[in-house]
Chemist: 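Pasting a structure here, questions to come.
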Amino acid sequence: MFEGFSEQTIDFLWGIRFNNERTWFQAHKREYEEHLYRPMVALAEAVDSRFQIEGTRLKASRIYRDVRYAPTPYKDYLWFVIRDDSDYWSEHPSLFFQIEPEGGQYGFIHYSPKAALMATHRRQLLAHPDRFPGTVESILATGEFQDKSTRYKRPKEGGTPELETWYQLKNCYVGADIPAGPALFDKDLPDRLVKAFEILKPLYEYFRTLETL
């Protein structure tokens with residue numbers, strides 16, 4: 001059962017950010033397991049029991065990095081993600097939650113979509129000009145989320161002035177922040193995330209549909 005994150009969670013995350021080496025981590029491993037890892041797993045399980053999309057899986061991270069490819073042995077954040085069961089998660093749409101020293105983040109992200117998929121997005125945008133903008137704008141109208149997407153530095157040709165904001169998407173990220181404090185430490189955080197993911201689900205389904213076109 002999820003009992004909430006705490007000040008000790010944030011203290012540990014700041015500690016590993018500034019002491020990212022094995023000796024410090026081993027001395028604080030109990031704090032990691034008690035205040036960060038176990039609560040994250042409990043949060044992920046609470047969300048997974050109440051929110052699912054057919055064909056996806058929920059995956060929670062651990063703190064350990066692959067030292068063959070990373071300059072430090074540990075992450076200073078943890079996350080869970082709901083996505084298609086694929087090794088290359090960044091190429092597929094995802095719903096996620098992440099906690100780091102500054103606080104929490106959650107939302108929808110399609111971090112590194114293939115160029116061909118975004119070309120399909122642009123074609124669909126021209127063919128159905130109300131569909132995608134209407135989906136995103138209804139989400140943003142809730143006041144909970146912000147558009148944090150990346151646009152092409154060299155604009156793609158062929159769009160229209162009315163659609164330019166969405167025509168130039170390089171990736172798509174619609175998310176919200178939770179500062180470190182009472183809202184992040186709330187035992188009802190699973191409720192907040194489930195409600196948010198229900199709101200964001202149409203955006204996930206839009207990009208998933210593009211993969212079949």
Side-chain angles (χ1 to χ4, degrees), residues 1-10 12-13 16 31-64 75-113 135-136 138-149 171-209 211:
M1 178 180 294
F2 180 68
E3 297 294 336
F5 295 112
S6 64
E7 292 285 358
Q8 291 97 321
T9 307
I10 300 301
F12 173 83
L13 286 165
I16 198 66
E31 290 98 310
Y32 160 65
E33 293 178 345
E34 181 176 348
H35 300 299
L36 179 58
Y37 179 67
R38 290 175 190 161
M40 175 61 86
V41 170
L43 176 62
E45 290 175 346
V47 171
D48 192 42
S49 69
R50 296 169 51 194
F51 177 87
Q52 294 182 357
I53 300 175
E54 184 177 357
T56 67
R57 61 178 293 212
L58 187 151
K59 177 178 175 58
S61 71
R62 298 198 62 150
I63 200 167
Y64 307 100
K75 306 180 186 81
D76 57 6
Y77 55 88
L78 282 191
W79 47 258
F80 72 76
V81 63
I82 300 168
R83 58 170 174 78
D84 287 357
D85 191 3
S86 169
D87 291 336
Y88 301 101
W89 72 267
S90 63
E91 294 181 352
H92 299 280
S94 303
L95 298 166
F96 78 96
F97 169 80
Q98 179 169 299
I99 188 168
E100 55 192 23
E102 293 82 0
Q105 304 172 31
Y106 62 93
F108 167 87
I109 190 166
H110 202 336
Y111 182 74
S112 185
T135 298
V136 181
S138 66
I139 292 170
L140 298 179
T142 66
E144 181 175 0
F145 304 97
Q146 299 82 46
D147 174 20
K148 304 183 180 185
S149 307
N171 69 12
C172 187
Y173 174 16
V174 177
D177 300 320
I178 313 177
L184 185 61
F185 305 153
D186 194 336
K187 293 180 181 180
D188 291 331
L189 182 58
D191 295 340
R192 178 172 180 170
L193 296 179
V194 168
K195 291 175 183 176
F197 292 160
E198 289 288 358
I199 294 170
L200 294 163
K201 185 177 178 180
L203 192 54
Y204 180 95
E205 292 176 335
Y206 169 82
F207 279 100
R208 188 189 231 181
T209 299
E211 295 179 344

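Everything numeric here is computed off the predicted structure, so don't read it as measured data.
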Chemist: What is the distance from atom CZ of Arg83 to atom CD1 of Ile53, rounded to the nearest 0.5 Å?
Modeler: 13.0 Å

Chemist: Centres of the His35 and Phe12 rings: under 6.0 Å?
Modeler: no

Chemist: For the residue pair Ala196 and Phe145, what are the closest heavy atoms and their distance?
Modeler: CB-CZ, 3.8 Å

Chemist: Can any side-chain N or O of Ser61 pair as donor or acceptor with the backbone N or O of Trp79 at less than 3.5 Å?
Modeler: yes

Chemist: Would you say the side chain of Phe51 lies within less than 4.5 Å of the side chain of Leu95, judging by non-hydrogen atoms?
Modeler: yes

Chemist: Report yes or no: do Tyr106 and Arg192 form a side-chain donor-acceptor pair below 3.5 Å?
Modeler: yes

Chemist: Charged N to carboxylate O below 4.0 Å: is that the case for Arg208 and Asp84?
Modeler: yes

Chemist: Around atom CZ of Phe185, are there more than 12 heavy atoms from other residues, nucleotides or ligands closer than 6.0 Å?
Modeler: yes

Chemist: Where do Leu184 and Ile10 come nearest, in terms of heavy atoms and distance?
Modeler: CD2-CD1, 4.1 Å

Chemist: Could you walk me through whether Leu203 and Val136 pass the side-chain contact (heavy atoms from CB on, under 4.5 Å) check?
Modeler: CA-CA 7 Å; Leu203 192 54; Val136 181; 3.9 Å; yes

Chemist: Without hydrogens or angle criteria, can the side chains of Glu31 and Tyr37 be said to hold a donor-acceptor pair below 3.5 Å?
Modeler: no

Chemist: Do Ile139 and Val174 have side chains that get closer than 4.5 Å, going by heavy atoms?
Modeler: yes

Chemist: Pairs in or reaching into residues 42-56: which pass side-chain hydrogen bond (donor to acceptor under 3.5 Å, both in side chains), with residues at least two apart or in two chains?
Modeler: Arg50-Asp191

Chemist: Going by heavy atoms in the side chains, are Phe2 and Leu189 under 4.5 Å from each other?
Modeler: yes

Chemist: For the CD atom of Glu211 and the OH atom of Tyr206, what is their distance to the nearest 0.5 Å?
Modeler: 12.0 Å

Chemist: CG/Leu13 to OH/Tyr77 distance, rounded to the nearest 0.5 angstrom?
Modeler: 11.5 Å

Chemist: Asn171 and Ser149: side-chain contact (heavy atoms from CB on, under 4.5 Å), yes or no, with the steps?
Modeler: CA-CA 6 Å; Asn171 69 12; Ser149 307; 4.2 Å; yes

Chemist: Return the minimal non-hydrogen interatomic distance between Val47 and Ile82, and the atom names on each side.
Modeler: CG1-CD1, 4.4 Å

Chemist: Once you round to the nearest 0.5 Å, how far does CD1 of Ile16 lie from CD1 of Ile63?
Modeler: 5.0 Å

Chemist: Would you say the side-chain atoms of Gln8 and Ser6 include a donor-acceptor pair closer than 3.5 Å?
Modeler: yes

Chemist: Does any non-hydrogen side-chain atom of Cys172 lie less than 4.5 Å from one of Phe207?
Modeler: yes

Chemist: Between Asp177 and Lys148, does any NZ, NE, NH1 or NH2 come within less than 4.0 Å of an OD or OE carboxylate oxygen?
Modeler: yes

Chemist: Please report the shortest heavy-atom distance between Phe96 and Gln105, naming the atom on each side.
Modeler: CE1-O, 3.8 Å

Chemist: At their closest point, which heavy atom of Pro39 faces which heavy atom of Gly4, and how far apart are they?
Modeler: CB-O, 4.2 Å

Chemist: To the nearest 0.5 Å, what is the distance between CZ on Phe108 and CD on Glu205?
Modeler: 10.5 Å

Chemist: For Lys75 versus Arg62, what's the shortest heavy-atom pair and its separation?
Modeler: NZ-O, 2.6 Å

Chemist: Which value, rounded to the nearest 0.5 Å, describes the distance between Met40 atom CE and Phe80 atom CZ?
Modeler: 7.0 Å

